[in-house]
2 protein chains.
Amino acid sequence: MARTAGSHSEITGPRVRTAALALFAQHGYAAVSMRQIAREVGVQAGALYNYTPDKQSLLFDLMRAHLEDLLAAHAPRDGSDPMAGLEHFTRFHIQFHAERPDEVFIAYMELRNLSPENFAEIEALRRRYEDRLETILRAGVEAGVFAVPDPKIATMAVIAMLTGVNTWFREGGRLSLAEVEQIYWDMVRKSVAI
Amino acid sequence: MARTAGSHSEITGPRVRTAALALFAQHGYAAVSMRQIAREVGVQAGALYNYTPDKQSLLFDLMRAHLEDLLAAHAPRDGSDPMAGLEHFTRFHIQFHAERPDEVFIAYMELRNLSPENFAEIEALRRRYEDRLETILRAGVEAGVFAVPDPKIATMAVIAMLTGVNTWFREGGRLSLAEVEQIYWDMVRKSVAI
DNA sequence: GTTTTATTAGAACATATGTTCAGTTAATCT
DNA sequence: AGATTAACTGAACATATGTTCTAATAAAAC
């Protein structure tokens with residue numbers, strides 16, 4: 001057998017990425033074989049190489065797409081109101097990450113499986129996102145509405161706290177995402193308050 | 001050749017665990033082979049099986065030892081002063097985790113490589129630690145010194161924030177650990193304050 | 001000094017790995 | 001309808017994997 005009925009790169013391509021995403025998130029990049037991904041797609045392992053030059057690129061492309069989505073979705077706003085900016089960042093971060101648990105998981109857990117060049121590119125994208133928050137915090141300090149001795153540290157602290165939601169939040173659990181959002185916003189607000 | 005000069009289980013045993021810890025932290029459990037660990041120890045792969053029944057147990061034992069150390073090191077104190085208890089927890093957590101970056105990394109990243117039974121045991125230990133913080137927060141709410149609408153969520157938020165220190169803190173960097181400790185304690189205190 | 005035990009080497013096993021490639025079939029174009 | 005291109009199969013390659021086992025050597029016990 002060879003080309004199968006109904007086969008199309010616009011269908012198989014996304015399915016390869018979807019399968020890789022789910023499998024990498026569940027078992028980890030190193031623990032997933034190309035044959036497992038192929039089986040999930042319903043194709044032989046060799047066929048995957050029509051859609052990625054190698055396994056490493058498959059991981060890298062998923063990460064880069066995720067971080068570029070993140071940066072595009074969080075349009076940085078007019079910086080005249082740091083408190084409003086911080087609230088928007090907080091709620092946006094929680095919502096965006098809650099919608100993409102697999103992507104978030106991979107982007108945090110599989111950094112060490114990237115080649116040095118790929119790692120540098122991913123880190124640069126992540127850094128751009130963190131800078132958005134740092135800018136908000138600095139503006140708030142200058143405006144006298146935040147008491148933050150070290151905006152860099154506060155940035156890392158807030159992001160770690162917010163991203164932590166993904167480790168336990170499940171749709172349909174005790175709390176709705178809106179409730180979670182409110183609780184975290186209260187804590188974030190107070191943690192940087194005067 | 002066979003038994004080598006100076007070979008001793010009290011020496012080789014710890015070296016196996018040390019090598020496994022470092023390699024798992026650097027490359028990930030699934031990406032590290034028994035032969036790599038053996039090479040690091042200076043022994044053939046087969047010899048490792050005098051010190052572990054299999055690769056999985058090697059990972060599990062490292063995780064369990066870490067979490068048992070954690071629970072033993074954090075002696076829960078008299079709960080009459082929630083504010084003091086929270087400050088102690090915060091400073092303890094940062095210090096203890098800063099001293100063991102590899103153990104912490106593994107305990108968070110390699111959970112999915114545990115068998116279901118092993119996973120349950122590790123999760124139970126982690127839960128016991130989280131309960132210590134939750135108890136402090138609940139006591140503070142009852143005493144009227146903390147404003148925390150949901151102690152469970154606040155527990156997760158604080159722990160995520162504190163553990164996040166390990167992702168960026170490096171000895172000899174811009175800030176000393178004591179300074180970092182102070183900054184985080186200020187943020188934690190404010191985030192649960194009235 | 002001899003026997004027993006502890007510790008290791010080294011080979012072997014069956015299976016899995018990422019990747020390549022020639023051949024084959026389906027879809028598309030002329 | 002015929003020619004061309006896109007998509008895939010199935011086999012193959014060299015190498016790596018976790019684990020087991022026998023034989024050999026060092027340390028400990030007697």
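Convention: sequence-line order gives letters A, B, ...; per-chain numbering from 1.
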Closest listed nucleotide, where the reference is the side chain of [X] and the choices are [options]:
X     : options                : result
A:A45 : D:dG18, C:dT19, C:dT8  : C:dT19
A:A47 : C:dG18, C:dA26, D:dT9  : D:dT9
A:S33 : D:dA7, C:dT17, D:dG18  : C:dT17
B:M34 : C:dT17, C:dT19, D:dT19 : D:dT19
A:R3  : D:dT25, C:dT25, C:dT19 : C:dT25
A:K55 : C:dT19, D:dT9, D:dA7   : C:dT19
B:T12 : C:dT8, D:dT17, D:dT9   : C:dT8
B:Q36 : D:dT17, D:dG18, C:dT24 : D:dT17

Checking side-chain polar atoms at under 3.5 Å, does [X] have a donor or acceptor matched by the opposite partner on [Y]?
X      : Y      : value
A:H66  : A:R100 : no
B:H27  : A:R112 : no
A:N118 : A:E121 : no

*Checking A:R91 against A:F89: charged group under 6.0 Å from the ring centre and within 45 degrees of the axis?*
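Here A:R91 fails the 6.0 Å and 45° test against A:F89.
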*Cation-pi check, B:R126 to B:Y108: give yes when NZ or CZ is under 6.0 Å from the six-membered ring centre and within 45° of the ring axis, no otherwise.*
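Relative to the ring axis of B:Y108, which defines the angle, B:R126 lies inside both limits.
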*asked:* Let me check something: do B:Y49 and B:V16 share a hydrophobic cluster, defined by ILVMFWY side-chain heavy atoms less than 4.5 Å apart, either directly or through other members?
replied: yes
_ILVMFWY cluster, B:W168 and A:F119 together (side-chain gap under 4.5 Å)_ =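 Linked within one cluster.
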*Across the strands shown, which category fits A:V32 at heavy-atom distances under 4.0 angstrom: base, sugar-phosphate, nothing?*
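Result for A:V32 = sugar-phosphate.
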*Describe the nucleic acid contact of A:G6 in one word from base, sugar-phosphate, nothing, applying a heavy-atom distance below 4.0 Å.*
sugar-phosphate
Without decimals, in angstroms, what is the distance between [X] [atom1] and [N] [atom2]?
X     : N      : atom1 : atom2 : answer
B:H8  : D:dA26 : NE2   : C1'   : 10 Å
A:R35 : D:dT9  : CZ    : P     : 13 Å
B:D54 : D:dT17 : CG    : C1'   : 14 Å
B:I37 : D:dG18 : CD1   : P     : 8 Å
B:Q56 : D:dT19 : CD    : C1'   : 15 Å
B:L48 : C:dA9  : CG    : C1'   : 12 Å
B:Y51 : D:dT19 : OH    : P     : 17 Å
A:Q44 : D:dA12 : CD    : P     : 14 Å

*asked:* For a 4.5 angstrom cut-off between non-hydrogen side-chain atoms, does A:I136 reach A:T155?
replied: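 Side-chain contact under 4.5 Å: no.
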*If we fit an axis to the first five pairs and another to the last five of the helix from C:dG1-D:dC30 to C:dT30-D:dA1, what angle do they make, to the nearest 10°?*
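Roughly 10°, once rounded to the nearest ten degrees.
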*asked:* Is the phosphate of D:dA7 approached by A:S9 (side-chain N or O, under 4.0 Å from OP1 or OP2)?
replied: yes
*asked:* On DNA chain D, compare the nucleotides closest to B:S7 and B:G46; which residue's is nearer the 5' end?
replied: B:G46
